[in-house]
Amino acid sequence: KTVSILGVAFSGGQAKGGVENGPQTLAEFGLHQQLRDLDWNVTVDARCQDLTHLQPLSDPDIGKLKKPRYVSAVCEYLANVVEEHAKRGELVLTIGGDHSLAMGTLGGTTRAHPDLCVIWVDAHADINTPLTTDSGNLHGCPLAFLLGLEGTDLPEFSWLSPCLTPDRLVYIGLRDVDQGEKRILKQLGIKAFSMTEVDRYGIGQVVEMALDHVNPNRDRPIHLSYDVDGLDPSVAPATGTPVRGGLTFREGHYICERLHETGLLCAMDVMEVNPALAHGDIHQLTQTVAVGCSLVRSALGETLL
Ligand code: ARG
Ligand code: MN
Ligand code: MN
Ligand code: MN
């Protein structure tokens with residue numbers, strides 16, 4: 001079994017600098033060796049480590065969208081790299097970088113596994129369209145583009161065609177969903193387990209219900225897209241858009257452990273680790289980076305016993 005690790009140094013989907021250094025920081029913490037220690041054959045693909053050459057000289061807003069051409073170019077490139085690894089049957093591990101990169105990761109994995117399902121762990125729904133977004137930050141929009149929602153059919157994103165259907169997407173951990181996003185989730189009937197459902201049913205039942213919804217016969221490959229802000233800020237403080245009331249350390253890891261157990265995991269994203277937002281507090285930094293690594297280890301088979 002081979003895992004290909006793609007570190008993507010990119011922050012163009014939002015305004016805060018530093019998130020481009022997430023991949024390097026996890027690598028320095030020893031992520032690659034940790035996965036070898038779990039008996040994985042580890043391939044490091046360095047092609048996405050520096051994509052600054054893809055930044056256009058001029059990139060004016062499109063409507064509200066910020067840096068649309070840069071985000072698009074990086075995600076198009078990433079999608080091709082991801083596709084290549086996924087088609088070889090490797091587990092594709094992408095370390096961000098901000099969550100706009102999911103257009104690239106899912107753009108790529110869905111070409112290799114057209115029937116895959118997505119488990120999206122996040123405080124946010126990241127399903128704003130160019131028409132509903134308030135911030136204009138594309139890290140709040142990747143799912144709208146992947147689903148091909150209204151307003152996403154832009155010439156600048158012509159490489160990305162709708163590759164996901166609402167029934168194959170499920171959320172865990174939501175607690176900061178914009179009004180327009182709530183309308184979209186309702187309209188499309190997208191299944192979401194917010195922190196309310198985690199409180200009500202417990203994480204064990206929530207993950208089973210999530211799997212039953214997107215993967216009733218347990219035959220679809222699973223792409224886990226994990227925004228570390230799904231975790232409570234006390235667990236993962238160094239991230240750009242923290243929201244209190246999130247997943248505990250154990251709840252966050254249980255999701256990964258259970259998905260490993262299915263044997264269906266084909267890709268994982270770990271997004272929005274921003275070392276610069278530890279505010280010089282080495283403890284906050286180490287804690288966030290360590291939790292990023294341990295989530296991956298759990299998803300790749302580390303067990304407590
Ligand atoms: N909903 C807000 C927006 O669209 C916040 C999105 C945060 N996304 C993230 N990947 N952290 O701007
Ligand atoms: Mn988020
Ligand atoms: Mn908000
Ligand atoms: Mn996100």
Side-chain angles (χ1 to χ4, degrees), residues 8 10-20 22 61-68 71 74-75 78 94-107 118-147 149-152 164 169-185 190 192-195 198 223-247 251-252 255 267-277 288 291-292 295:
V8 192
F10 184 66
S11 64
Q14 48 85 65
K16 296 177 186 173
V19 72
E20 70 278 8
D61 295 357
I62 298 175
K64 286 193 161 184
L65 300 183
K66 295 172 181 156
K67 304 190 193 176
V71 172
V74 164
C75 288
L78 175 59
T94 305
I95 312 289
D98 73 68
H99 219 163
S100 66
L101 292 171
M103 287 187 260
T105 61
L106 275 157
V118 182
I119 301 189
W120 193 280
V121 180
D122 207 319
H124 310 95
D126 293 352
I127 198 166
N128 272 305
T129 72
L131 310 173
T132 67
T133 177
D134 256 326
S135 67
N137 294 328
L138 275 157
H139 78 156
C141 308
L143 284 163
F145 281 82
L146 291 159
L147 291 159
L149 304 190
E150 186 186 8
T152 59
L164 192 63
L169 166 63
V170 65
Y171 292 103
I172 301 176
L174 299 188
R175 57 196 181 278
D176 183 12
V177 181
D178 301 334
Q179 278 312 324
E181 295 183 301
K182 289 184 180 175
R183 247 182 290 122
I184 292 169
L185 296 187
I190 294 173
F193 297 94
S194 73
M195 288 310 299
V198 174
H223 184 134
L224 170 61
S225 199
Y226 211 121
D227 183 329
V228 297
D229 73 29
L231 298 168
D232 191 77
S234 61
V235 178
T239 190
T241 49
V243 187
R244 62 185 179 168
L247 298 165
E251 288 166 344
I255 297 169
M268 178 179 188
D269 312 327
V270 177
M271 299 300 185
E272 303 279 354
V273 173
N274 187 337
L277 296 178
T288 310
V291 87
L295 288 173

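These numbers come from the heavy atoms of this one structure, side chains and all, not from hydrogens, waters or symmetry mates. All ligand and atom numbering here is 1-based and tracks the order in the structure.
Note: Y171 and W120 have perpendicular aromatic rings, judged against thresholds of 30 and 60 degrees for the angle between ring planes.
Contact annotation: for Q14 versus ligand 1, there are no heavy atoms closer than 4.0 Å.
For ligand 1, the polar-atom distance check finds no N/O of T133 at less than 3.5 Å from any of the ligand's N/O atoms. For D122, no nitrogen or oxygen atom sits less than 3.5 Å from a nitrogen or oxygen atom of ligand 1, counting backbone and side chain alike. Every N/O-N/O distance between D176 and ligand 1 stays at or above 3.5 Å. The shortest N or O to N or O distance between T241 and ligand 1 is under 3.5 Å.
A donor-acceptor pair shorter than 3.5 Å can be found between the side chains of H124 and D122. No donor-acceptor contact under 3.5 angstrom links the side chains of T133 and N128, judged on distance only. Using modelled atom types, one finds no donor on one side chain facing an acceptor on the other under 3.5 Å when comparing D227 with H139.
Protein N/O/S atoms closer than 2.8 Å to the Mn ion (ligand 2): D122 OD1, H124 ND1, D227 OD2, D229 OD1, D229 OD2.
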Hey, mind stepping through M271 and T94 against side-chain contact (heavy atoms from CB on, under 4.5 Å) and telling me if it holds?
-> CA-CA 8 Å; M271 299 300 185; T94 305; 4.1 Å; yes
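When each of T241, V71, L138, D98 is paired with Q14, the side chain to side chain contact (heavy atoms under 4.5 Å, CB included) condition holds for D98 and for no other.
Side-chain atoms of R244 do not come within 3.5 Å of backbone N or O of P233 as any donor-acceptor pair. The backbone N or O of L143 sits nowhere less than 3.5 Å from a side-chain atom of D126 that would complete a donor-acceptor pair.
Nearest-heavy-atom check against atom 2 (C) of ligand 1 across N274, V177, D178, T239 picks out D178.
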